[in-house]
Each structure stands twice: as C-alpha cells, then as structure tokens.
Number of protein chains: 2
Amino acid sequence: MGTTQLETVPEPKYWHLKTVLSEALDSEFTVGEILPNERELAARFGVARATLRQALEQLELEGRLQRRRGVGTTVAPPRMGVDVGSEAGPHAWPGAPGDAWHTEEHRTAPAPAPVARMLGVARDAAVHAVLRSRTTGGQQVASEVLYVPAESVPAIPAGAQEEPNTAARARAVLRELHRLQLAGQDRTVELGSARADDARRLDRLPGAPVLVVTTRYVAEGGTAAVSVATYRADTCRLSFSDGEDVSLLAS
Amino acid sequence: MGTTQLETVPEPKYWHLKTVLSEALDSEFTVGEILPNERELAARFGVARATLRQALEQLELEGRLQRRRGVGTTVAPPRMGVDVGSEAGPHAWPGAPGDAWHTEEHRTAPAPAPVARMLGVARDAAVHAVLRSRTTGGQQVASEVLYVPAESVPAIPAGAQEEPNTAARARAVLRELHRLQLAGQDRTVELGSARADDARRLDRLPGAPVLVVTTRYVAEGGTAAVSVATYRADTCRLSFSDGEDVSLLAS
DNA sequence: AAGTGGTCTAGACCACTAC
DNA sequence: TAGTGGTCTAGACCACTTC
C-alpha cells in the first residue's frame, strides 16, 4: 500500500457529535428553544454524559448555545456586534459624552503588575480604579476597570477617606482626566477567563471565556490611564469600525 | 446569625487548583520548563486526573501553559503582540508590499454563508479564495482565507482549469485587487474554535480556541473582498495600534 | 517500548432554579 | 421537591512523540 493512507483519522466522538448537533441547531431548532437535558441527549446519542458535555461546551464557546444551571440549555441568538473602535469618535477619553458605558464605582488600590508597568508606576503603588459596565440589548456585555494614576488627576484628593459616594468620586476622576489633551491610544485584544468578580457582574460562572480589551490612553507626558475591559466571549463580536460610515454590517 | 453568610461559596477544586498552580508558575518555574506529568500532578494534589486537567485547560487557555501530546506540559512564554491594525499603514489591501503574510494557495469555491452575505453574492456562488499564513518568531500564528468575488477581479479567468500553480494564481488575484481604489475597511474580532484544516495549519488540535478577525474591504461599488483570519488564541495578543507611534508596549 | 497528553465511560453528588 | 447543569471520581484505552 502507498504511504498516503487516506483518512486514517478516527474523528473523536465529541467532535462528530458537535457537527451533528450544529446541523440540527441550524435546521430543527429556533432561537430561544430549549434542548432536551444532557442525560437524555447523551442517552439518545449513545455516549457518556461527559462526552456529550464536551460537544456542548464547544458549541457554547462558539456562541451557538447558552447553558444555565438549574434551567437548561437553550439555542443562543447570533452574537451581537459591539462597537469598540469608535464609541464616541476616534480618540476620545473614556466617559466622554455619548459613550456606551455606565460609571459605577471608585476604588483606590494597587494596579495589577502589567498595568502598573504600562502606567510607569511602582508595582504596588495605589492608583484610582474606576469601575464601569456596558449593557447592550438589556444584557450586561462587558465590565471595565480604568486605572488612573494619581499624577494624571492631581486635583482629586488621595483616597484616605473611603466614603460611600464612590460613583460620584468615579465621575470626578473622569472629569479631571478630560482636562488632559489626549494624544493617542492603542488597544490589544486577547482571550482570558473571567475572574470571580467579573464573572458575577457578567452573569457567568468563574472561568468563563472573555475577550480582554486593554486600552492605553496617551497624553502629553506618557500613559495617562489604562483601561481593562472584559467582554463576554460567548455573546459578543467586537467591532472595530475605523470611523468610516459602515452601515450594512447587520448580522 | 445575619443573612450575610460570609463566604458560603465552596470554591470548586479545579478553580482552587488553578490558582495554586498559577502562583507556582510565577515563583517556581521558568519559561520552557516542563511540568511533572498529569498523573503525577493529580496524585500530588490528591485529585482525579480529570479535575487536574480542568485546571490545566484553563491555564492553557490563558496562555500560561502549552501542552503537547506525547511530549508533556511546558511553561509558555508571554503572549506575543501581533499587529492587526496597521500592518502596512492604515487602509491597505491585503498583500500590499510589507505586510506580514505569506501567500500560499488559490482555490475556487463557494464562500461560507455569512461571507457570501457580506459580499452580496448568492449563497452558493463560487468566488476566489486566497489562502495565506502568518508567521511570527518562527511560529505559525494565523491562517487566513481571503474571499474575492469574480466581479472584483474581472481580468482573472474563471477557475475552470484547476492548475497546480495555485500560489501564482493567488498572487495574480491580489495584484488585480490592488487596481481598485480602497475606500475603507472594518474589522470584527470574535472567539471561535479551529476547524480541522485551520488546526492542522496552526499546529493545534481541532477545536482549539482561536480569535477570528473578519475584515471587510470596501471599494467604490461596495464590498470588494472579505478576509477571515484565525489567530491562535493561546499565544497571540492582537494589537490595534491606531497608526500612532506606539513604542513602549513591550511585554 | 515507554511515556506523554487526549478521549471516553458510568457512575455519584452538589448547587441552582422553578414550581 | 423535582429537575437542571456543574463538579468530581477511578478507572480504561487511544494517538502521538521520543528513544
């Protein structure tokens, strides 16, 4: 026999299952419909529940399914496009009028190591942390922490006094930030898994896949602030329209 | 007792494990070092192998570990930044001189349904498909398919003749495309899982997490081409520098 | 041939939601 | 309380790499 050995590949069961289920979703189910439970599906396909779950996990990762403990597995709507590139025009400070975020809270804490490095501050230096959240179509799609070193907003008193009016303090930090001249910004996107607090805010379990968008805001002196936004990877498609008029994207 | 019920939350074992391992990676291991095998790690932590694997999977998803069948689990280097926004200046056609891609192959096939919709062609209409790949630091980080409807490159003869010189044909399609005036482009990023062919090209198993970057190229008449690029989500951090001079990003 | 990670099983119990 | 998905176990065998 030749060396070609056509298709010796034994396709894993869960992979084949995923394909079968995916086609069934396209043809026999409608958005929002609930699937039979895992034990029954496993029995119906003649596999162990763990194997079936491997297939379901993949489909959930791809945004085709939504699973909720105690409730069931439902067919997910197509991912929603979420504008990231031109929320309020190119090169705008966070919190500029018209952006898609809701300012929620203010804390004073040391920034995570990579953020501290970008900001050029000591690894354990306390900075302002402004927590914001973003909702689209009635659903929480992202939560963000904006790190602002004290040097960027000298008019804001240091946070010795941890008062309850944190939302007001957060807005004050943003207002001060807007006084600076924004020289530019750059963004990175990477895959992450939701930490416990983000997971709670996004209504997901810890470890759920998220898209982490890190934005560095550059002003005169250097990096004036860094934002770390985590988007639900299962329901979101991030869109970076370059400021052009892009109308017919739709789904 | 009050209703606060502090920390009733029984943290899942795999979650706790992941935290412990993560800290160990930071303090006791160096990049490239190989970990003890899964059976031994599981025994050492007193959990089933499946539970340990759940923790390892998370760490691999976050780019902390790299696992290879038949070899072992190694500590991964930090993710590499991959420029997506300004490869060859803003608003350049794919294949413009200086871009980071290597043109490999040409096919003629119907585009996937969502792409066909963006291109405004019939769902089963055959279009040019140009396959390209991108390497960074000696590693294959992305594979791309560029879909070009026949209308965008009328000078290229329809692909009745499936000759072997497909790379040459691919470059011819790109050359023809460059004759059009590029009016704008927009990008989306979403999470996906590698199909069998992409997985092979990226040296990963099918289903591996990938970041799917979809770019729509707009010329006079409308959408002239659509590119679907899949990046290894475990090793890549996509960077959208807005064309500014952004030097001090580092790791 | 030996050792690794990848797949799969059949079961158990837990946490959560809804009634 | 009943039913769902989430976690966990202790095994088995397979596919792949290396020697």
Side-chain angles (χ1 to χ4, degrees), chain A residues 5 7-19 21 33-61 64-76 193-194 196 199-200 203-209 234, chain B residues 5 7-19 21 33-61 64-76 193-194 196 199-200 203-209 234:
Chain A
Q5 190 78 351
E7 294 309 337
T8 319
V9 197
E11 195 175 48
K13 271 189 190 177
Y14 77 91
W15 187 258
H16 181 237
L17 243 185
K18 180 196 142 186
T19 309
L21 283 168
E33 196 171 348
I34 119 173
L35 268 60
N37 72 52
E38 297 184 349
R39 289 159 180 90
E40 170 163 353
L41 278 179
R44 191 178 298 186
F45 286 106
V47 298
R49 192 178 154 217
T51 304
L52 173 82
R53 278 178 62 81
Q54 224 174 328
L56 293 184
E57 260 149 40
Q58 285 251 357
L59 290 170
E60 189 178 29
L61 201 79
R64 306 286 312 272
L65 291 179
Q66 183 161 359
R67 299 192 287 173
R68 272 175 307 172
R69 170 156 41 176
V71 179
T73 302
T74 57
V75 180
S193 50
R200 225 180 1 259
D203 188 29
R204 303 255 55 199
L205 291 174
D234 54 344
Chain B
Q5 191 77 352
E7 294 310 336
T8 319
V9 197
E11 195 175 49
K13 271 190 191 176
Y14 77 91
W15 186 257
H16 182 238
L17 244 184
K18 180 195 141 186
T19 308
L21 283 168
E33 196 172 346
I34 125 172
L35 268 60
N37 72 53
E38 298 184 347
R39 288 159 180 90
E40 171 163 354
L41 277 179
R44 190 179 297 186
F45 286 107
V47 300
R49 193 179 153 215
T51 304
L52 173 81
R53 278 179 61 81
Q54 222 174 330
L56 294 185
E57 261 148 40
Q58 286 249 358
L59 289 170
E60 190 178 28
L61 200 80
R64 306 286 312 273
L65 290 180
Q66 183 162 357
R67 299 192 288 173
R68 273 176 307 172
R69 167 153 51 174
V71 180
T73 302
T74 58
V75 180
S193 49
R200 224 179 3 258
D203 187 30
R204 303 255 55 201
L205 291 174
D234 54 344

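Naming: A, B, ... by sequence-line order, numbering from 1 per chain.
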It should be established whether A:Thr73 places a side-chain nitrogen or oxygen under 4.0 Å from OP1 or OP2 of nucleotide D:dT4. no
A:Glu40 atom CD is separated from D:dT4 atom C1', nearest whole Å, by 13 Å
As a test of reading the structure: which of C:dT7, C:dT9, D:dT7 is closest to the side chain of B:Tyr14, going by heavy atoms? D:dT7
Counting only side-chain nitrogens and oxygens, does A:Thr51 get under 4.0 Å of the OP1 or OP2 atom of C:dT7? no
Can you find an N or O donor on one side and an acceptor on the other, under 3.5 Å apart, linking the side chain of A:Arg39 with the base of D:dG5? yes
Interatomic distance where CD belongs to A:Glu38 and C1' belongs to D:dG6 [whole Å]: 8 Å
By the 4.0 Å heavy-atom rule, please label B:Leu56 as base, sugar-phosphate, or nothing. nothing
Nearest nucleotide by nearest heavy atom, which residue falls closer to the 5' end of DNA chain C, B:Asn37 or B:Pro206? B:Asn37
Contact check, side chains of A:Leu21 and A:Leu56, non-hydrogen atoms, under 4.5 Å: yes
Would you check if B:Pro12 and B:Gln54 make a side-chain contact, meaning some heavy-atom pair closer than 4.5 Å? no
Atom CZ of B:Arg53 and atom C1' of C:dC8 are separated, to the nearest Å, by 11 Å
Presence of B:Arg68 side-chain N/O under 4.0 Å of C:dT4 phosphate oxygens OP1/OP2: no
Result for 5'-nearest mapping on DNA chain D, choosing between A:Gly72 and B:Leu52, is A:Gly72
Check A:Ala55 against A:Lys18 and note the closest heavy-atom contact, atom names and distance. CB-N, 3.9 Å
For the pair made of CZ in A:Arg69 and P in D:dC8, what is the distance, rounded to whole Å? 11 Å
Could you state the CG-C1' distance from A:Leu205 to C:dA15, rounded to the nearest angstrom? 10 Å
I need the CD-C1' distance between A:Gln54 and C:dG6, as an integer number of Å. 9 Å
If you define the side chain from C-beta out and look only at heavy atoms, does anything of B:Arg53 sit under 4.5 Å from B:Arg67? yes
Mind calculating the distance between CD (B:Gln58) and P (D:dG6) to the nearest angstrom? 13 Å
From OH (B:Tyr14) to CD (B:Glu57), nearest 0.5 Å: 10.5 Å
For the base of D:dG6, is there a side-chain donor-acceptor partner from A:Arg49 under 3.5 Å away? yes
B:Lys13 NZ to C:dC13 C1', in whole Å, measures 12 Å
